[in-house]
Amino acid sequence: MTILPVDFYDRDPRLVARELLGQHLVRRGREGICRGRIVETEAYLATGDSACHSHRGQTRKNATMFGRPGRLYVYPIHARYCLNAVTEPRGVASAVLIRAVEPLDGFALMQQRRGVIACANVIERFSVANNRLNQVGARSIELRHLARGPARLCEAFGVDRRLDGWNLTIGARIWIAFGSNVAHEDLATSPRIGVTSAHDLPLRFFVRGNGYVSRSSIYLART
DNA sequence: CTGAGGATAGTCT
DNA sequence: GACTATCCTCAGA
């Protein structure tokens, strides 16, 4: 296992966002270990980006973005959380939002944290929903939705603001390890999801055709 | 102290 | 595709 070093993060967030695709987000806690392949990211720039949290200066909420690269920036949104990796040197407040992973390990733990039962397909999902043995009342979802979307990802991996500022490069609690690089032809870009300003910038990066990517059908842009 | 709004997700049409 | 529950943070009074 190769943990991505600080140098990896100490670069332009557009480069980091692109190269994070294919790498493995790993979460280790008392309950066990979770691992997922990163398939969708977004870059938020330190300058000229009105959608970036740092755009209006430093506050307590976004302070982590102004700190060292390779740290975890967690912030609350709509009663949920989103997970970012801080990029560029201290004082240059940029970050990469991780929007979705393809689950690799820790399926049971992710399901438990999310309070759902993940099914391989819609047919199995229908079957589970009607199964009397499902006494806990957990919703059944498709597997591709287990950690798709930043808030679902945080819930599945047990990430909340207590991990804001955590060092992603020391190999404890949560880190990103090298998995594989995505071939150029499998890489796609689009405008970022859910941002109301700077919507023209193609700062979202995802693995083309990957079923774990959110809203993949909307954009088919190519880099 | 109060109000507004946000890098969402789930549900329903 | 539209609607909205939900809650934390910040700005303004």
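All figures in this text were calculated on a predicted structure; none of them were measured in a lab. These values consider heavy atoms only, across backbone and side chains, with no hydrogens, waters or symmetry-generated copies. Letters A, B, ... mirror the listed sequences (proteins, then strands); counts begin at 1.
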Practice prompt. Starting at the 5' end of DNA chain B, write a dot or bracket for each base, bracketing those in Watson-Crick or G-U wobble pairs whose two distances are under 3.5 Å and using | for partners on another strand.
Written response: ||||||.|||||.
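In this model, the phosphate group of C:dT9 is not approached by any side-chain N or O of A:Arg60 to a distance below 4.0 Å at OP1 or OP2. For the OP1/OP2 pair of B:dA9 and a distance below 4.0 Å, the side-chain nitrogens and oxygens of A:Arg114 include no atom meeting the criterion. At B:dT11, one or more side-chain N or O atoms of A:Arg139 fall inside 4.0 Å of OP1 or OP2 (strictly under the cut-off). Within the structure, a side-chain polar atom (N or O) of A:Arg99 is placed less than 4.0 Å from OP1 or OP2 of B:dT8.
Counting to the nearest Å, the P atom of B:dG6 and the OH atom of A:Tyr44 are 13 Å from each other. Taking atom OH of residue A:Tyr75 and atom C1' of nucleotide C:dC7, one finds them 14 Å apart after rounding to whole Å. With rounding to whole Å, A:His145 atom NE2 is found 14 Å from B:dT8 atom C1'. One can place NE2 of A:His53 at 11 Å from P of C:dC10, the figure rounded to the nearest angstrom. In this structure, A:Met65 places its CE atom 16 Å from C1' of C:dT9, rounding to the nearest Å. Between A:Leu146 atom CG and B:dA9 atom P the separation is 13 Å, expressed in whole Å. Whole-Å rounding puts the A:Ile98 CD1 to B:dT8 P distance at 15 Å. Computed from coordinates, the A:Ile77 CD1 to B:dG5 P distance equals 13 Å when rounded to whole Å.
If you check C:dC7, B:dT8, B:dA7 against the side chain of A:Leu97, the one that comes closest is B:dA7. Among C:dC7, C:dC8, C:dA5, the nucleotide with an atom closest to any side-chain atom of A:Arg161 is C:dC8. Closest contact between the side chain of A:Lys61 and the listed nucleotides C:dT6, C:dC8, C:dC10 involves C:dC10. Side-chain atoms of A:Tyr73 lie closest to B:dA7 of the nucleotides B:dA9, B:dA7, C:dC8.
Side-chain atoms of A:His78 and base atoms of B:dA9 include no donor and acceptor less than 3.5 Å apart.
A salt bridge links A:Glu155 and A:Arg114; the closest N-O separation between the charged side-chain nitrogens and carboxylate oxygens is under 4.0 Å. Ionic pairing of A:Glu40 and A:Arg148 is not present here: no N-O contact between side-chain nitrogen and carboxylate oxygen is shorter than 4.0 angstrom. Ion pairing between A:Arg80 and A:Asp160 fails under the 4.0 Å rule for side-chain N and carboxylate O.
Across A:Thr41 and A:Ala17, no two heavy atoms sit closer than the pair OG1-O, 2.9 Å. Summarising the geometry of A:Ser140 relative to A:Arg125, their closest heavy-atom pair is O-NE, 2.7 Å, with the distance given to 0.1 Å. In plain terms, the two heavy atoms of A:Leu83 and A:Cys154 that are nearest each other are CB-SG, 3.5 Å.
For an aromatic pair to be called close, the ring centres must be under 6.0 Å apart, and A:Tyr75 with A:His53 satisfies this.
Using a 4.5 Å cut-off on side-chain heavy atoms (C-beta onward), A:Cys52 and A:Met65 make contact.
Contacts of A:Ala51 with the nucleic acid, taken as non-hydrogen atoms under 4.0 Å apart, include base atoms.
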